[in-house]
**Q** 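After the structure tokens below, expect a handful of questions from me.
Just so we're on the same page: letters track the sequence lines, and every chain starts at 1.
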There are 2 protein chains.
Amino acid sequence: MKTQSVVEDYVKVIYSHTEWQPEPITPSVLAARLGLAASSVTEMVKKLAAQGLATHVKYGAVTLTAQGTELALRMLRRHRLIETWLVEQYAYRWDEVHDEAEVLEHALSDRLLDAIDEQLGFPSRDPHGDPIPARDGTITRPVGVLLRDASEGSTGRVVRISDRDPLLLRHLEAEGITLDTDLTVIGRAPFGGGFLVRLGAHAGDATSAATGATPADLDLGDQALESIWIAAA
Amino acid sequence: MKTQSVVEDYVKVIYSHTEWQPEPITPSVLAARLGLAASSVTEMVKKLAAQGLATHVKYGAVTLTAQGTELALRMLRRHRLIETWLVEQYAYRWDEVHDEAEVLEHALSDRLLDAIDEQLGFPSRDPHGDPIPARDGTITRPVGVLLRDASEGSTGRVVRISDRDPLLLRHLEAEGITLDTDLTVIGRAPFGGGFLVRLGAHAGDATSAATGATPADLDLGDQALESIWIAAA
DNA sequence: GCTAAGATTTCGGTGTGCCGAAAACTGGTC
DNA sequence: GACCAGTTTTCGGCACACCGAAATCTTAGC
Ligand SMILES: [Mn+2]
Ligand SMILES: [Mn+2]
Ligand SMILES: [Mn+2]
Ligand SMILES: [Mn+2]
């Protein structure tokens with residue numbers, strides 16, 4: 001029986017939930033991510049379990065089986081390759097690729113996908129820094145910490161930005177933050193002030209927000225802090 | 001209400017039936033082309049009519065309204081642009097593109113389609129010689145006659161080959177017949193013999209099958225005669 | 001332990017597109 | 001004008017994926 005695109009989406013969301021954080025997904029979160037009613041999700045999860053793609057603790061979390069993980073990685077590979085391809089070949093901006101990829105990932109044949117992979121030179125990450133699983137299902141997560149958790153004064157390079165919100169992506173690009181941007185964490189301004197970062201690597205001359213902040217420093221909002229991952233430059 | 005891909009397929013088949021031949025399609029033929037039961041088609045045609053895409057003479061033919069024709073041309077543009085793109089960009093052979101296009105035509109966004117159109121230099125025909133409707137719905141049918149109806153001794157250039165049967169396409173390519181191939185109609189060999197053509201333009205030295213056939217002449221089967229269109233070279 | 005808020009599941013129901021069988025219709029033949 | 005073969009339509013039913021409302025379960029707070 002052919003895997004329908006609905007199943008592909010469920011499995012992809014279930015997998016993605018644990019990609020940057022360890023807690024398995026619950027039915028209500030799954031429903032929210034898919035834009036469906038909780039009752040619909042319960043039913044579908046039952047079918048996933050019946051197909052051997054997921055296991056489900058009743059009244060609890062949903063996890064993927066090895067088979068489900070395999071399918072999820074295939075879909076992630078498709079999604080991310082397509083996003084990369086749209087940017088490289090068709091001048092899409094990084095905030096414009098997600099929706100198109102969301103549709104195309106279910107439609108391209110393996111053959112076409114392989115041809116695209118080759119055309120792109122077998123890329124290892126997508127426009128948002130997410131790793132592209134290899135054809136054999138291998139995936140290498142970039143090391144990095146969430147900007148929110150970065151220590152004050154540290155310097156790092158942006159290795160991943162969540163592509164969930166296109167508006168945030170456009171904003172960050174306008175501010176000069178994209179993949180591989182070096183930045184220095186100034187820290188949180190006192191008395192409930194914003195979280196400041198400085199573009200470029202300034203290891204050594206970085207100072208705390210209390211003393212060394214300059215007007216040129218960027219004040220990032222909470223959403224950005226939860227969306228940007230950095231690694232030692 | 002978004003047009004579903006099922007509707008798009010119905011409308012495309014209805015239109016295509018009158019593209020090279022004037023009789024409107026009947027429910028049974030429509031069912032055969034779509035691989036569905038006649039009863040399913042009756043129901044769906046009713047819905048097409050309700051949506052203003054088709055008109056249906058009860059117990060009779062199905063025809064498209066202006067609106068239905070517009071949708072059909074949009075879909076044909078998609079299908080044929082995609083076929084062309086697969087051949088030009090991804091080294092598909094002309095007998096391999098149809099199935100992939102059949103899926104992708106429902107999935108690509110208008111934006112991506114336009115980008116592809118531009119990348120290809122706004123092609124006017126697909127790998128099988130079918131005209132690609134312009135964005136405004138304009139379509140220019142190539143002039144040409146079915147090879148079956150070509151007069152003996154005439155010379156012509158292949159302007160269109162039906163892409164319905166991949167095996168025929170491969171066969172013809174192996175025999176040296178593709179788009180723009182010049183050929184001379186020798187004619188039907190006597191006593192129920194095959195239909196002979198000679199590669200290249202040999203206006204003047206063409207002779208009837210009875211007298212001038214040579215071993216090198218190609219003997220085309222009935223299916224080919226019904227699938228190849230030629231025009232004066 | 002009890003309770004209640006919140007999450008999850010169950011249940012009845014919907015829309016879409018499909019099917020086979022049976023009924024209704026058509027067009028040609030005599 | 002009656003008949004018949006083939007076509008088309010009607011009809012009851014199914015699979016899929018979804019929904020809201022009601023019932024059930026979990027768990028955190030007391
Ligand atoms: Mn994405
Ligand atoms: Mn991405
Ligand atoms: Mn085709
Ligand atoms: Mn074609």
Side-chain angles (χ1 to χ4, degrees), chain A residues 1-15 17-18 21-64 68 71-72 75 102-103 105-107, chain B residues 1-15 17-18 21-64 68 71-72 75 102-103 105-107:
Chain A
M1 75 194 74
K2 183 195 169 276
T3 312
Q4 313 89 305
S5 71
V6 170
V7 169
E8 295 173 346
D9 280 332
Y10 273 81
V11 158
K12 195 160 53 93
V13 171
I14 297 169
Y15 181 95
H17 191 258
T18 48
Q21 163 280 127
E23 297 304 316
I25 200 166
T26 58
S28 55
V29 173
L30 186 45
R33 289 264 188 285
L34 290 166
L36 301 175
S39 56
S40 308
V41 168
T42 301
E43 272 184 355
M44 197 63 204
V45 165
K46 210 175 295 179
K47 289 179 197 167
L48 295 183
Q51 288 177 58
L53 295 170
T55 54
H56 182 209
V57 181
K58 238 192 174 191
Y59 293 98
V62 180
T63 38
L64 293 178
L71 177 58
M75 294 314 297
E102 204 58 48
V103 176
E105 64 190 4
H106 308 291
Chain B
M1 78 194 73
K2 183 193 169 276
T3 310
Q4 313 91 306
S5 72
V6 170
V7 169
E8 295 173 346
D9 280 333
Y10 273 82
V11 156
K12 195 160 53 91
V13 171
I14 296 169
Y15 180 94
H17 191 257
T18 47
Q21 163 282 127
E23 298 304 318
I25 201 167
T26 57
S28 55
V29 173
L30 186 45
R33 289 264 188 284
L34 290 165
L36 301 175
S39 56
S40 308
V41 168
T42 300
E43 272 184 357
M44 196 62 204
V45 165
K46 210 176 296 179
K47 290 178 195 167
L48 295 183
Q51 287 178 59
L53 296 170
T55 54
H56 182 209
V57 181
K58 236 191 173 192
Y59 292 100
V62 180
T63 38
L64 294 178
L71 177 58
M75 294 313 297
E102 202 59 48
V103 177
E105 63 189 3
H106 307 291

**Q** Can you sort out which residues in residues 52-62 of chain B have a heavy atom within less than 4.0 Å of DNA chain D? Ascending by number, please.
**A** B/His56, B/Lys58, B/Tyr59
**Q** May I ask you to evaluate whether B/Tyr10 reaches the phosphate of C/dT16, defined as a side-chain N or O under 4.0 Å from OP1 or OP2?
**A** no
**Q** Can you pull out the residues from residues 27-43 of chain B that lie within a 4.0 Å heavy-atom distance of DNA chain C?
**A** B/Gly35, B/Leu36, B/Ala37, B/Ser39, B/Ser40, B/Glu43
**Q** Kindly give the heavy-atom pair with the smallest separation between A/Ala72 and A/Leu64, and that separation in Å.
**A** CB-CD1, 3.9 Å
**Q** Taking CD from A/Gln4 and P from D/dA15, how many angstroms apart are they, rounded to a whole number?
**A** 14 Å
**Q** Could you state the CE-C1' distance from A/Met44 to C/dT8, rounded to the nearest angstrom?
**A** 18 Å
**Q** Can you list everything that forms a side-chain contact (heavy atoms from CB on, under 4.5 Å) with A/Gln21? Sequence neighbours excluded, please.
**A** A/His17, A/Glu23
**Q** Rounding to a whole Å, what distance do you find between A/Ile25:CD1 and C/dT8:P?
**A** 10 Å
**Q** Nearest-Å distance, CD (B/Gln51) to C1' (C/dG15)?
**A** 13 Å
**Q** Can you measure A/Asp9 atom CG to D/dA17 atom C1' for me and round it to whole angstrom units?
**A** 13 Å
**Q** Figure out the NZ/P separation between A/Lys47 and D/dA15, and round it to whole Å.
**A** 11 Å
**Q** Round to the nearest Å and state the distance from B/His106 atom NE2 to C/dG17 atom P.
**A** 13 Å
